[in-house]
Protein chains: 2
Amino acid sequence: MTAHPDLTRNQSLVLHTLNAANGSLSAYDILDKLRAEGLRAPLQVYRALDKLVEFGLIHRLESLNAFISCADPQDHEAHAHGVTAFAICDSCGQVTEFHDHAIEHRLQQWQASRSFKPEKTTIEIRGACSNCS
Amino acid sequence: MTAHPDLTRNQSLVLHTLNAANGSLSAYDILDKLRAEGLRAPLQVYRALDKLVEFGLIHRLESLNAFISCADPQDHEAHAHGVTAFAICDSCGQVTEFHDHAIEHRLQQWQASRSFKPEKTTIEIRGACSNCS
DNA sequence: TTTATTGCGTTATGCTATAACGTATGGCAT
DNA sequence: ATGCCATACGTTATAGCATAACGCAATAAA
């Protein structure tokens with residue numbers, strides 16, 4: 001919630017739009033919401049999104065081609081190099097972010113056994129949340 | 001779970017193209033390779049891909065928007081409801097499919113604790129394989 | 001002052017995926 | 001056989017996601 005001191009105007013607009021959203025938003029969803037603020041082109045949004053992902057303030061959901069604000073950006077340092085998992089309800093759109101050290105450890109074991117150097121790990125569960133089943 | 005029916009011509013063409021490929025292919029990659037066989041439209045490929053995924057003969061890689069043939073389609077029954085994980089080398093494109101029961105169990109625990117009903121789980125590690133690092 | 005970096009805005013383009021229409025075929029109950 | 005249904009097919013058009021390439025502006029560093 002505390003504004004990142006280094007954010008540009010476009011980055012702030014995009015971050016606040018994602019913070020205000022209930023679930024995830026596509027880049028074009030964001031663009032549509034920000035036309036009133038003067039944004040006109042997809043690149044203005046994509047460039048901001050790239051930076052916000054880099055800062056650890058938002059996540060990209062690969063299976064949705066969409067973006068969501070980080071559940072706990074203050075904790076960024078703590079799990080900056082950790083694995084973030086998501087449970088995504090296909091009915092209501094609710095996205096729950098979680099971290100599981102056991103899973104992370106198991107993945108590290110596999111990577112070590114294959115000398116695979118991980119850059120980014122995606123874990124996404126699509127399904128129905130408790131409210132929707 | 002019953003055995004999948006015989007493949008149609010389009011389905012066979014798409015499956016054989018993926019089997020012959022070294023790594024993953026996008027739908028449009030496949031279309032380009034099959035123009036010589038008479039395929040002309042994306043939908044012809046996408047419809048075949050949908051069925052092949054349904055039959056468990058291929059996988060969709062969410063972080064690449066691409067498809068790859070299943071490493072062990074004979075084993076379909078054994079892990080039809082299991083979780084498949086992928087390690088994807090961003091340098092050479094090699095994709096390694098693996099299964100880890102401990103990770104699967106841990107995800108099941110999380111899902112049970114939240115009453116979340118999973119439909120499809122994506123685990124993809126992007127990085128550099130041993131040959132490329 | 002000069003140079004390098006970063007962000008911005010714009011136009012154009014490319015890649016990924018599906019909607020909607022009509023046609024054809026094969027199974028099967030009547 | 002007739003009618004019905006389910007599935008696959010081919011085509012055109014469109015929707016949705018993402019980046020290339022250009023030039024300009026502001027700022028920081030040498």
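Proteins get letters first, then strands, A, B, ... in listed order; numbering begins at 1 in each. For clarity, every value in this text was computed on a predicted model and none was experimentally measured.
- Between B/E104 and A/R106 no salt bridge is recorded (no basic side-chain N to carboxylate O distance below 4.0 Å).
- Taking CD1 from B/I103 and CD1 from A/I123, the interatomic distance works out to 7.0 Å, rounded to the nearest 0.5 Å.
- For the pair A/L39 CG and C/dG7 P, the interatomic distance rounds to 15 Å; values are reported in whole Å.
- Residue A/T8 places no side-chain N or O under 4.0 Å from the OP1 or OP2 atom of C/dT6.
- Residue-level contact check: B/A41 touches the bases, meaning some heavy atom is under 4.0 Å from a base atom.
- Listed nucleotides D/dT11, C/dT16, D/dA8 differ in distance to B/K51; the shortest reach to its side chain belongs to D/dA8.
- For D/dT19, the OP1/OP2 oxygens have no side-chain nitrogen or oxygen of A/Y46 closer than 4.0 Å.
- Counting to the nearest Å, the P atom of D/dA18 and the CG atom of A/L31 are 13 Å from each other.
- Comparing D/dA18, D/dC9, D/dA8 by their nearest atom to the side chain of A/Y28 picks out D/dA18.
- Taking the six-membered ring where the residue is Trp, A/H59 and A/F86 present perpendicular rings, their angle passing 60° and hence far from 30°.
- Using a 4.5 Å heavy-atom cutoff, the side chains of A/K120 and A/E62 are in contact.
- In this structure, of D/dT19, D/dA18, D/dT12, it is D/dT12 that holds the atom nearest to the side chain of B/L43.
- Atom CD in B/E37 sits about 13 Å away from atom P in D/dG10, given to the nearest Å.
- To the nearest angstrom, C1' of C/dG7 lies 13 Å from CG of A/D50.
- Of the candidates D/dT12, C/dT11, D/dA8, D/dA8 carries the atom nearest the B/Q11 side chain, counting heavy atoms from C-beta on.
- In this structure, B/R9 does not reach the D/dG10 phosphate: none of its side-chain N or O atoms is under 4.0 Å from OP1 or OP2.
- One can place CG of A/L64 at 15 Å from C1' of C/dT16, the figure rounded to the nearest angstrom.
- Proximity note for A/S26 (side chain, C-beta onward) versus C/dT18, D/dC17, D/dA8: the nearest is D/dC17.
- Considering only the side chain of B/Q44, D/dT11 comes nearest among D/dT11, C/dG9, C/dA17.
- One atom, CZ of A/F55, and another, P of C/dT6, lie 11 Å apart when rounded to the nearest Å.
- Residue A/R47 is in base contact, counting any heavy-atom pair closer than 4.0 Å across all strands shown.
- Atom CG of A/L34 is separated from atom C1' of C/dC8 by 15 Å (rounded to the nearest Å).
- Comparing atom distances between the B/N10 side chain and each of C/dT10, D/dG10, C/dA20 picks out D/dG10 as nearest.
- Using cut-offs of 30° and 60° for the angle between ring planes, the B/F67 and B/Y46 rings count as perpendicular.
- When the P atom of D/dG10 is taken as reference, atom CG of B/L13 falls 10 Å away, rounded to whole Å.
- In this structure, the side chain of B/H99 does not engage the main chain of B/G82 through any donor-acceptor pair within 3.5 Å.
- Here A/N65 does not reach the OP1 or OP2 of C/dT16: none of its side-chain N or O atoms lies under 4.0 Å away.
- With distances taken from any side-chain atom of B/R40 to the nucleotides D/dC9, C/dG9, D/dT11, the minimum falls on D/dT11.
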